[in-house]
**Q** 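Okay, here's the structure, questions in a sec.
Just so it is clear, the values below take in all heavy atoms, side chains as well, and ignore hydrogens, waters and symmetry mates. First the proteins, then the strands, lettered A, B, ... as listed; each starts at 1.
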Amino acid sequence: MARYNPKEVEPRWRAAWDDKGVFRTRGPEEAGGKPKYYVLEMFPYPSGNIHMGHARNYVMGDVVARFKRARGFNVLHPMGWDAFGMPAENAAMERGVHPKAWTYSNIDNMRAQLKLLGLSIDWSREFATCDPAYYGRQQRWFLDLWERGLVYRKESVVNWDPVDHTVLANEQVIDGRGWRSGAVVEKRKLTQWFLRITDYADELIEGLKTLDRWPDKVRLMQENWIGKSRGLKFRFDFAEGSKPDGIDNLEVYTTRPDTLFGASFVAIAWDHPLAERIAAADPAVAAFCEELRHGAATEAEIETGEKKGLFTGLEVVHPFDPSIKLPVWIANFVLMQYGTGALFGCPGHDQRDHDFASKYGLPIIPVVCPDGVDPATFNVDAEPFVGDGKLFNSRFLDGLDVDSGIAAAIDRMEAQDQGEGATVYRLRDWGVSRQRYWGCPIPVIHCEACGPQPVPPEQLPVELPEDVEFKTPGNPLDRHPTWRHTTCPKCKGAAQRETDTLDTFVDSSWYFARFANPHAAEPIDKVAADYWLAVDQYIGGVEHAVLHLLYARFISRALTDAGDMTVREPFAGLFTQGMVVHETYRLPDDPKGWIEPTDVELKTVDGKRVARRISTGEPLVIGDIEKMSKSKKNVVAPEEILDAYGVDAGRLFVLSDSPPERDVQWTAGGIEGSWRFVNRVWSVFEDLDQMGVTEPADPDAAQALRRTTHKAIKAVTEGFDGFRFNSAIARLYEFVNAIKGSDPEATGSAARREALSALARLIAPIVPHLAEECWAALGETGMVVDAPWPAFDPMLAADDEIALPIQVNGKRRGELKVKPGLEPADVEKIALSDEQVKRHLDGLTVRKVIVVKDRIVNIVAG
RNA sequence: GCCGCCGUAGCUCAGUGGUAGAGCGCAUCCUUGGUAAGGCUGAGGUCGGCAGUUCAAUCCUGCCCGGCGGCACCA
């Protein structure tokens with residue numbers, strides 16, 4: 001047999017899979033009663049090239065898909081493209097290439113690269129979100145949501161780049177400047193489209209409890225993001241002579257109404273209506289609000305979070321004691337977007353209020369005293385106390401603990417009809433307007449007479465015009481000569497199209513449902529979606545833990561309520577995989593002098609690793625291990641690896657060296673090790689055709705090999721089931737070593753065939769090409785991809801003899817070989833009669849013998 | 001600041017209330033008819049630190065130290 005040659009073997013098997021169409025999805029009618037399994041990796045943005053992170057993500061999904069297929073599931077494993085977004089417009093501006101041409105050519109390139117990975121994908125279901133066939137249907141359900149009242153327009157504050165004439169996301173604002181133009185970013189009020197995700201806030205939290213196959217971490221992050229809190233909303237009356245015209249009272253929100261008697265001021269946000277009212281009449285207040293509008297001026301201010309405030313001159317009356325007056329301040333730490341944009345400050349029991357009061361000399365009144373401390377001497381001047389305790393200085397609340405105090409204060413406030421218990425969320429409605437070209441047009445027509453009107457269904461999709469230019473900044477849709485001009489569907493008068501496009505997170509909020517039937521006329525084929533959804537295993541980066549996954553959960557619910565879909569919770573199982581990282585190398589005197597790994601030679605000198613630049617011989621500094629990035633030049637391109645070692649060695653390596661949820665460090669040594677394993681596997685299949693049928697020369701050896709085989713099947717199966725690919729691979733290493741270490745004459749051909757047949761099938765999800773070649777070498781006629789998963793015999797997979805350590809006073813002093821399940825009383829007898837043990841018990845009295853069945857014996861003596 | 005995760009061999013990481021493991025690296029030797037290699041053998045660990053629970057703690061509990069991630073004035 002020839003040496004293993006991936007360059008010849010791998011393309012041959014990929015062609016064989018294609019020819020037989022083995023990865024074509026079967027609908028329920030073809031499934032023959034098999035249970036369905038939907039495995040999906042987060043679809044990629046078509047940036048142009050597959051990188052190692054993509055490769056690891058898609059290989060993991062492929063392992064799951066192939067494993068489930070072998071285990072008898074009817075599998076859906078599709079692929080598509082998250083194809084709208086800014087980089088296409090940037091390419092247009094920088095290189096004059098049209099976003100559409102750029103995107104589709106990137107897709108062609110990346111599809112070809114993905115196919116090289118040997119993924120078991122049904123490519124017939126592929127689509128891109130920038131296909132009019134896709135985004136047109138998105139427009140359709142957008143209007144369904146509008147009809148249900150889940151879509152609305154409102155004015156909101158955005159980051160505006162005055163040079164590029166565009167809205168920037170928060171992460172595109174760096175040190176207060178636009179990331180592209182470098183211009184100082186302004187806060188502008190724009191009328192934007194919003195989706196009412198907050199209507200579903202409670203359900204989105206409740207649903208998290210049912211997601212038992214999601215990482216706890218992600219569920220926790222979503223819960224914190226939604227940020228539900230319970231408290232009290234109530235209204236302060238203004239003090240006499242302090243009441244502004246047209247404003248009756250000032251509503252605040254608090255989670256700690258128990259501390260109301262510790263209040264010493266009231267604070268409002270700079271953009272609170274009351275602040276705007278006062279600013280209109282008072283230039284000093286106007287100047288202060290303007291200052292806060294620009295946010296923290298320096299890094300230091302952001303870091304220290306220094307409190308700033310200005311007394312407005314107004315006073316309000318304490319709701320529980322009209323004789324107490326509280327000053328109203330405008331403060332920089334109050335956010336208009338949360339609660340009511342106003343709060344009462346209790347410096348004794350809140351860090352921020354304490355900072356503020358200390359700075360401006362406001363009173364600090366303690367009202368909660370920790371248990372076991374004397375209230376008479378309890379002092380919060382230096383530091384607030386935020387824990388539980390007994391209320392004091394608080395009239396009718398005195399003596400209550402915090403929880404009862406909160407309840408009592410809410411009751412009293414409701415009784416005097418000045419407030420009510422309230423639930424408040426950190427989550428805000430989802431602003432989906434983007435002033436950009438390369439996105440899904442919002443299907444709305446603005447008519448001066450009739451207001452905003454939905455585009456009639458027969459006019460969908462509203463397609464993007466292709467004749468646009470990107471030389472001038474701003475939204476090309478806005479300045480297109482004809483595109484926006486249309487007629488009002490209601491009054492037939494002249495009207496204008498909406499020129500905002502949708503946030504690309506909308507595109508990715510329903511693609512998993514479209515995959516159920518990507519050719520359906522309606523947005524979602526409910527019968528197909530009902531069969532395939534929920535996604536049984538979703539796999540992607542943890543960076544999408546909040547936004548994408550929360551939006552998709554919201555849209556699924558909204559679409560279900562609007563009648564377009566039937567599954568409220570789209571992802572039953574979620575796995576967040578780690579990144580591929582690599583060491584960095586740079587020139588000693590240049591903090592930015594990064595050198596790519598291909599130009600680096602590593603050696604160990606006197607036990608220390610040193611790096612040298614191959615091209616010049618210069619010594620290099622070994623830097624941190626970081627996510628592969630072009631800027632740090634620590635990128636290893638998948639195609640280089642494929643070329644040198646083949647796909648299978650690469651697939652093996654990205655899974656073998658680290659648990660899937662953690663980062664994996666790419667190393668030259670690691671991929672070498674994987675390559676050696678590929679060859680070692682092949683070497684055990686090599687001598688097969690000379691083997692013939694032989695009786696075992698040593699029946700014990702044959703039995704031992706069978707035990708090893710069945711233990712390996714059990715361990716590897718459990719590893720794949722539990723998403724522990726690295727430990728499944730470790731078991732495969734051991735299994736191959738055991739086969740290689742066994743003597744073919746001793747074991748005979750039957751046990752050996754059993755071992756190799758199992759091995760070929762066990763490695764198939766990870767190294768599918770090699771597995772096919774091994775399977776063929778066994779003389780099998782079909783392909784391993786169609787072979788059922790091997791089963792193990794529980795009797796053979798269990799140990800028939802256990803080594804039972806014996807401890808004397810906690811120290812290991814001997815060992816027994818026993819059959820599993822031996823009764824503790826019998827074990828005790830054997831242990832005490834053991835010669836070794838007797839020696840250690842010499843001169844001691846046995847006080848106690850602890851026998852843990854099948855585990856250990858401990859003799860306590862003294 | 002708050003919340004979460006992690007700390008085990010030189011490196012990357014398994015693991016378990018009861019004998020500390022794998023791969024890579026390193027050292028020694030063998031092979032030179034699997035050779036842009038293969039194989040044998042071996043060294044190497046206070047399981048981050050301190051205390052507690054237990055017959056027994058790397059594992060459970062508490063505190064501390066170090067690294068990483070999320071949120072960040074959320075009233």
**Q** Tell me, do A/Q418 and A/N249 make a side-chain contact under 4.5 Å, heavy atoms counted?
**A**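 Sidechains of A/N249 and A/Q418: no contact.
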**Q** Give the residues of residues 224-232 of chain A touching RNA chain B, defined as any heavy atom closer than 4.0 Å, sorted by residue number.
**A**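 Close to the strand are A/W225, A/S229.
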**Q** Take A/T340 and A/K233, measure what side-chain hydrogen bond (donor to acceptor under 3.5 Å, both in side chains) needs, and give me the verdict at the end.
**A** CA-CA 8 Å; A/T340 63; A/K233 271 186 189 172; over 6 Å; no
**Q** Heavy atoms, side chains only, cut-off 4.5 Å: are A/L732 and A/L759 in contact?
**A**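 Yes, close enough: below the 4.5 Å cut-off.
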**Q** Just how far, in rounded Å, is P of B/rG38 from CH2 of A/W682?
**A**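 Value for this atom pair: 17 Å.
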**Q** In whole angstroms, how far is the P atom of B/rA36 from the CD atom of A/E672?
**A**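 Rounded to whole Å, this separation is 13 Å.
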**Q** From CG of A/L550 over to P of B/rG70, roughly how many Å is that when rounded to an integer?
**A**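 Taking CG of A/L550 and P of B/rG70, I get 17 Å after rounding.
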**Q** Are A/W329 and A/Y360 an aromatic pair by the rule of ring centers under 6.0 Å?
**A**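 So the answer is yes for these two rings.
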**Q** How are the rings of A/H318 and A/F261 set to each other: parallel, tilted or perpendicular (split at 30° and 60°)?
**A**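 Because their plane-to-plane angle is under 30°, the rings of A/H318 and A/F261 count as parallel.
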**Q** RNA chain B: A/Y338 or A/R680, which has the more 5' nearest nucleotide?
**A**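 Nearest-nucleotide comparison on RNA chain B picks A/R680.
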**Q** Starting the side chain at C-beta, find the nucleotide from B/rC71, B/rC73, B/rA14 nearest to A/R426.
**A**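 Nearest listed nucleotide: B/rC71.
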**Q** Report yes or no: does A/D429 contribute a side-chain atom to a donor-acceptor pair with the main-chain N or O of A/I197 at less than 3.5 Å?
**A**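 Such a contact is found between A/D429 side chain and A/I197 backbone.
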**Q** Counting side-chain heavy atoms from CB outward, which of B/rC13, B/rA75, B/rC73 is closest to A/L343?
**A**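 That would be B/rA75.
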**Q** Figure out the CZ/P separation between A/R676 and B/rG34, and round it to whole Å.
**A**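 So the two atoms are 18 Å apart, to the nearest Å.
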**Q** With rounding to whole Å, what would you report as the distance between B/rG18 and B/rU58 at their C1' atoms?
**A**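 To the nearest whole Å, 12 Å.
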**Q** Identify, between A/M221 and A/R256, the residue whose nearest nucleotide on RNA chain B lies closer to the 5' end.
**A**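 The 5'-side residue here is A/M221.
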**Q** When all nucleic acid strands are considered with a 4.0 Å heavy-atom cut-off, which category describes A/V334: base, sugar-phosphate, or nothing?
**A**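 Touches a base.
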**Q** Just call it for A/R428: base, sugar-phosphate, or nothing, with non-hydrogen atoms closer than 4.0 Å on any strand.
**A**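 A/R428: base contact, heavy atoms under 4.0 Å.
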**Q** Taking the six-membered ring where the residue is Trp, are the ring centres of A/F725 and A/F723 under 6.0 Å apart?
**A**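 When the ring centroids of A/F725 and A/F723 are compared, they turn out to be within the sub-6.0 Å range.
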**Q** Expressed in angstrom and rounded to an integer, what is the separation of A/D355 atom CG from B/rA72 atom C1'?
**A**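 Spelled out: CG on A/D355 to C1' on B/rA72 is 15 Å.
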**Q** Would you say the side chain of A/C289 lies within less than 4.5 Å of the side chain of A/I330, judging by non-hydrogen atoms?
**A**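 The answer is yes; the side chains approach within 4.5 Å.
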**Q** How is the base pairing of RNA chain B summarised as a dot-bracket string, given the Watson-Crick and G-U wobble criteria with both distances under 3.5 Å, [ ] for crossing and | for another strand?
**A** (((((((..((((....[..)))).((.((.......)).)).....(((((..]....))))))))))))....
**Q** Starting the side chain at C-beta, find the nucleotide from B/rA75, B/rC73, B/rG4 nearest to A/N332.
**A**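 Minimum distance to the A/N332 side chain belongs to B/rC73.
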**Q** What nucleic acid atoms does A/L335 come within less than 4.0 Å of, heavy atoms only: base, sugar-phosphate, or nothing?
**A**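 If one applies the 4.0 Å heavy-atom cut-off, A/L335 turns out to touch a base.
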**Q** Determine the interatomic distance between C1' on B/rG15 and the same-named atom on B/rA9; round to the nearest Å.
**A**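 Each nucleotide's C1' atom is 14 Å from the other's.
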**Q** When you compare B/rG23 with B/rU8, how far apart are their C1' atoms, in angstrom units rounded to a whole number?
**A**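 Looking at atom C1' only, B/rG23 and B/rU8 are 15 Å apart.
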**Q** For B/rC11 versus B/rG44, give the span between their C1' atoms, rounded off to a whole number of Å.
**A**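 Result for the C1' pair: 13 Å, nearest Å.
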**Q** What distance, rounded to whole Å, do you find between the two P atoms, one in B/rA22 and one in B/rC30?
**A**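 After rounding to an integer number of Å, I get 25 Å for this pair.
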**Q** Where the side chain of A/K740 is concerned, which of B/rC73, B/rG39, B/rG23 is the nearest nucleotide?
**A**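 For A/K740, the side-chain atoms sit closest to B/rG39.
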**Q** For A/A545, does its backbone N or O pair with a side-chain atom of A/Q222 as donor and acceptor, under 3.5 Å?
**A**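 Yes; at least one donor-acceptor contact below 3.5 Å.
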**Q** Expressed as a whole number of Å, how far does the C1' atom of B/rG7 sit from that of B/rG42?
**A**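 Pairwise C1' distance, B/rG7 against B/rG42, rounds to 28 Å.
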**Q** Just confirming the chi classification of B/rG34, syn or anti, using 90° around 0 as the syn window.
**A**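 Syn conformation here, the glycosidic angle of B/rG34 being no more than 90° from 0.
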**Q** Considering only atom C1', compute the distance from B/rC71 to B/rU12 and round it to an integer number of Å.
**A**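 One C1' to the other, the span is 30 Å.
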**Q** One pair to check against side-chain hydrogen bond (donor to acceptor under 3.5 Å, both in side chains): A/S656 and A/Y733. What are the steps and the verdict?
**A** CA-CA 10 Å; A/S656 65; A/Y733 268 90; 5.3 Å; no
**Q** The side chain of A/F333 lies closest to which of these nucleotides: B/rC73, B/rA75, B/rG23?
**A**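 Within the option list, the nearest is B/rC73.
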**Q** Find the distance A/K217:NZ to B/rC5:C1' and express it as a whole number of Å.
**A**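 In whole Å, B/rC5 C1' and A/K217 NZ are 7 Å from each other.
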**Q** Just how far, in rounded Å, is C1' of B/rC71 from CZ of A/R219?
**A**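 For the pair A/R219 CZ and B/rC71 C1', the rounded distance is 19 Å.
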**Q** For atom C1', what is the distance between B/rG25 and B/rU31, given to the nearest Å?
**A**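 So the two C1' atoms sit 22 Å from each other.
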**Q** Under 6.0 Å between ring centres: does that hold for A/F265 and A/F356?
**A**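 Between A/F265 and A/F356, the centre distance is under 6.0 Å.
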**Q** Rounded to the Å, how far apart are A/I729 CD1 and B/rA14 P?
**A**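 Value for this atom pair: 13 Å.
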